[in-house]
Amino acid sequence: MECPSKLPHIGTTIFTVMSQMAHAYKAINLAQGFPNFPPHPQLLEAASAAMNRGLNQYAPMAGYMPLRERIAEKIDSTYGRSINPDTEITVTPGATAALFAAMMSVVHHGDEVIVIEPCYDSYIPTLTLCHAVIRRVSMRFPNYTIDWDAVEGNVSPRTRMITLNSPHNPSGSILCSEDIQRLIAIVQDTDIIILSDEVYEHITFEGIRHESMLRYPQLAERSFVVSSFGKTFHVTGWKTGYCVAPRELMQEFRKVYQFMNFSCFTPAQAAFAEMLSNPSHYKDLSAFYQAKRDYFCHLMAGSRFELLPSYGSYFQLARYDAITHERDTDFAIRLTQNYGVAAIPVSAFYTDGTDNHVLRFCFAKTDETLEQAAAILTRL
Ligand code: PMP
Ligand code: GLN
């Protein structure tokens with residue numbers, strides 16, 4: 001039987017490819033982004049208590065109300081914005097699903113969407129399924145800042161959306177207030193919608209504040225803001241996230257989402273609601289990951305990798321020109337198969353495979369794992 005592919009140029013996601021390779025070769029997996037340490041015991045107890053309490057049937061389509069209320073409180077206290085939990089928040093099975101529903105709900109056939117690359121690998125395929133015309137804008141290398149002149153140059157009357165991600169995967173760069181001012185100037189007097197991927201919102205370093213779209217009324221009024229509890233509570237496998245948007249946008253979002261997934265795993269929602277009641281769980285996260293980043297960089301200090309600055313997220317980029325001139329994909333494979341450390345080649349985050357000879361390492365790992373990996377990497 002023949003069926004033309006809807007995504008003819010898309011293969012298996014790099015995260016699956018590298019994790020499978022790491023498994024097959026028993027390599028230390030610093031590739032796919034997930035912690036290898038347990039979540040807070042209170043989270044596990046809360047989920048189990050929710051099940052025993054009988055919270056085992058469908059939650060409301062938009063999410064378990066106490067969780068939406070806690071999310072609204074967190075947004076209010078963190079970003080100073082009042083959000084209506086009834087009409088402006090939807091809980092989703094991870095951020096990926098929220099990104100998918102947001103794009104599907106507002107991007108029409110032929111609409112232009114400006115995508116900043118490198119980007120998380122779901123954006124381009126999802127926009128392809130929307131039949132969007134994708135306008136790619138590369139971040140500057142090697143500091144991964146946004147070239148706003150290039151963004152502005154790509155805006156047209158047909159621009160429907162701009163995608164943003166801060167703290168940024170894979171680079172760890174973050175938006176600063178100058179970026180926000182440029183963005184405000186670009187979108188004012190337009191109907192451009194912003195899709196802001198803020199899954200690492202609670203992981204920023206050196207006390208730098210996260211510039212959420214929710215802080216700025218001119219941006220919040222036109223933004224889908226996406227986050228993920230997987231990152232914040234060390235449970236990527238629970239696949240629970242959420243989307244925040246103004247009422248009109250959220251209405252369209254829910255029209256799609258109700259037939260995509262309808263609702264999320266109820267016990268997890270109850271458990272996250274309980275955890276959010278204690279803000280220290282997410283307020284302490286930046287310090288926790290800053291210590292991990294610093295330890296990994298300390299261990300790597302004697303290596304021939306050149307570490308690029310990471311200001312947020314749980315990723316560390318490293319240039320390897322002093323070690324080899326091979327393509328990043330080839331080096332990542334060789335590193336996994338011959339040396340036993342898996343990383344992500346950053347070219348995977350570019351549609352055209354731009355290769356600056358950079359690998360991404362995930363430092364959301366135990367100190368012991370980081371030590372074992374660094375012992376190998378510093379010998380290269
Ligand atoms: N966006 C970015 C930038 C990510 O790094 C990730 C996953 N690491 C996601 C979205 C997807 O998050 P989730 O696992 O909650 O779907
Ligand atoms: N976002 C994670 C990363 O960047 C992985 C997500 C996934 O495997 N789909 O590594």
Side-chain angles (χ1 to χ4, degrees), residues 10-23 29-36 39 63 67 71 90-103 115-127 139 144 163-175 194-204 210 212-213 224-244 257 260-261 264-265 268-269 272 285 289 310-317 332 336 342-350 358-365:
I10 303 294
T12 302
T13 157
I14 188 69
F15 308 116
T16 296
V17 170
M18 293 314 301
S19 273
Q20 278 178 349
M21 199 182 295
H23 185 70
N29 191 354
L30 304 192
Q32 192 180 23
F34 63 88
N36 74 339
L67 176 58
I71 293 170
T90 299
V91 180
T92 58
T96 313
L99 294 163
F100 191 93
M103 290 173 178
V115 179
I116 319 283
E117 286 192 332
C119 69
Y120 180 59
D121 72 345
S122 81
Y123 299 2
I124 301 282
T126 307
L127 290 167
M139 290 174 130
Y144 295 94
T163 66
L164 291 173
N165 169 216
S166 178
H168 182 246
N169 177 8
S171 73
S173 68
I174 66 176
L175 292 175
I194 297 166
L195 177 52
S196 185
D197 181 343
E198 303 184 12
V199 299
Y200 302 103
E201 63 178 324
H202 298 300
I203 312 178
T204 65
H210 167 58
S212 175
M213 300 299 123
F224 288 105
V225 174
V226 170
S227 192
S228 172
F229 293 119
K231 321 290 170 187
T232 305
F233 292 105
H234 313 309
V235 281
T236 58
W238 287 27
K239 289 299 289 188
T240 312
Y242 61 90
C243 182
V244 182
Y257 175 69
M260 218 177 108
N261 197 67
C264 295
F265 187 59
Q269 295 193 62
F272 289 127
L285 199 61
Y289 274 122
S310 172
Y311 300 106
S313 82
Y314 45 49
F315 301 116
Q316 173 65 55
L317 294 191
T336 309
I344 299 287
V346 171
S347 63
F349 295 80
Y350 289 93
V358 184
L359 295 181
R360 189 198 79 177
F361 295 102
C362 172
F363 54 76
K365 306 292 166 190

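Atoms within each ligand, like the ligands themselves, are counted from 1 in listed order.
- For Phe315 and Tyr200, the ring centers are positioned less than 6.0 Å apart.
- Between atom OG1 of residue Thr163 and atom CG of residue Leu195 there is a gap of 6.5 Å, rounded to the nearest 0.5 Å.
- Assignment of Thr236 to the shell around ligand 1 is not supported, since no heavy atom sits closer than 4.0 Å.
- Protein heavy atom at the shortest distance from atom 12 (O) of ligand 1 is Ala95 CB, 3.5 Å.
- Neither the backbone nor the side chain of Phe34 has any atom closer than 4.0 Å to an atom of ligand 2 (non-hydrogen atoms only).
- Neither the backbone nor the side chain of Thr16 has any atom closer than 4.0 Å to an atom of ligand 2 (non-hydrogen atoms only).
- Looking at Phe272, Phe34, Phe233, Phe229 one by one, the single match for ring-ring contact (aromatic ring centres under 6.0 Å, His included) with Trp238 turns out to be Phe272.
- The shortest N or O to N or O distance between Tyr200 and ligand 1 is below 3.5 Å.
- Of the possible donor and acceptor atoms, one in the side chain of Asn165 sits under 3.5 Å from a partner among the backbone N and O of Asp197.
- At a heavy-atom distance under 4.0 Å, only side-chain atoms of Asn169, from C-beta outward, approach ligand 1.
- The structure places CZ of Phe100 at 13.0 Å from OG1 of Thr92, a figure rounded to the nearest 0.5 Å.
- Between the side chain of Thr336 and the backbone N or O of Met21 there is no donor-acceptor pair closer than 3.5 Å.
- Taking the side chain as every heavy atom from C-beta outward, Ser313 and Ile203 never approach each other to under 4.5 Å.
- Interface of Asn165 with ligand 1, defined as ligand atoms under 4.0 Å from a residue heavy atom, comprises 3 (C).
- At a heavy-atom cutoff of 4.0 Å, ligand 1 is contacted by no atom of Phe229, backbone or side chain.
- Heavy-atom proximity to Ser228, at under 4.0 Å, picks out these atoms of ligand 1: 13 (P), 15 (O).
- In this structure, Leu317 CG and Ser310 OG are separated by 7.5 Å, a value rounded to the nearest 0.5 Å.
- For atom 16 (O) of ligand 1, the candidate residues are Asp121, Thr240, Thr96; the nearest heavy-atom contact is made by Thr96.
- Counting the atoms of ligand 1 from 1 in the order shown, those under 4.0 Å from a heavy atom of Gly94 are 15 (O), 16 (O).
- Distance check: Gln316 CD to Phe361 CZ gives 9.0 Å after rounding to the nearest 0.5 Å.
- Nearest heavy-atom pair across Gly63 and Gln269 is CA-OE1, 3.3 Å.
- Residue contact check for ligand 2: Thr13 places no non-hydrogen atom closer than 4.0 Å to it.
- The closest donor-acceptor contact from the side chain of His202 to the backbone of His210 lies at 3.5 Å or more, if one exists at all.
- Protein heavy atom in closest approach to atom 6 (C) of ligand 2: Tyr120 OH, 3.6 Å.
- Of the protein's non-hydrogen atoms, the one nearest atom 3 (C) of ligand 1 is Asp197 OD2, 3.2 Å.
- Closest to atom 7 (C) of ligand 1, if we only count protein heavy atoms, is Lys231 NZ, 2.6 Å.
- Any N or O atom pair closer than 3.5 Å counts here, and Phe349 shares no such pair with ligand 2.
- Contacts between Lys239 and ligand 1 below 4.0 angstrom, taking non-hydrogen atoms only, involve the side chain exclusively.
- Atom 8 (O) of ligand 2 has Gln32 NE2, 2.7 Å as its closest protein atom, hydrogens excluded (heavy atom only).
- When only interatomic distances are considered, the shortest N/O to N/O separation between Arg360 and ligand 2 falls below 3.5 Å.
- Atom-to-atom distance recorded for Thr204:OG1 and Ile174:CD1 is 5.5 Å, nearest 0.5 angstrom.
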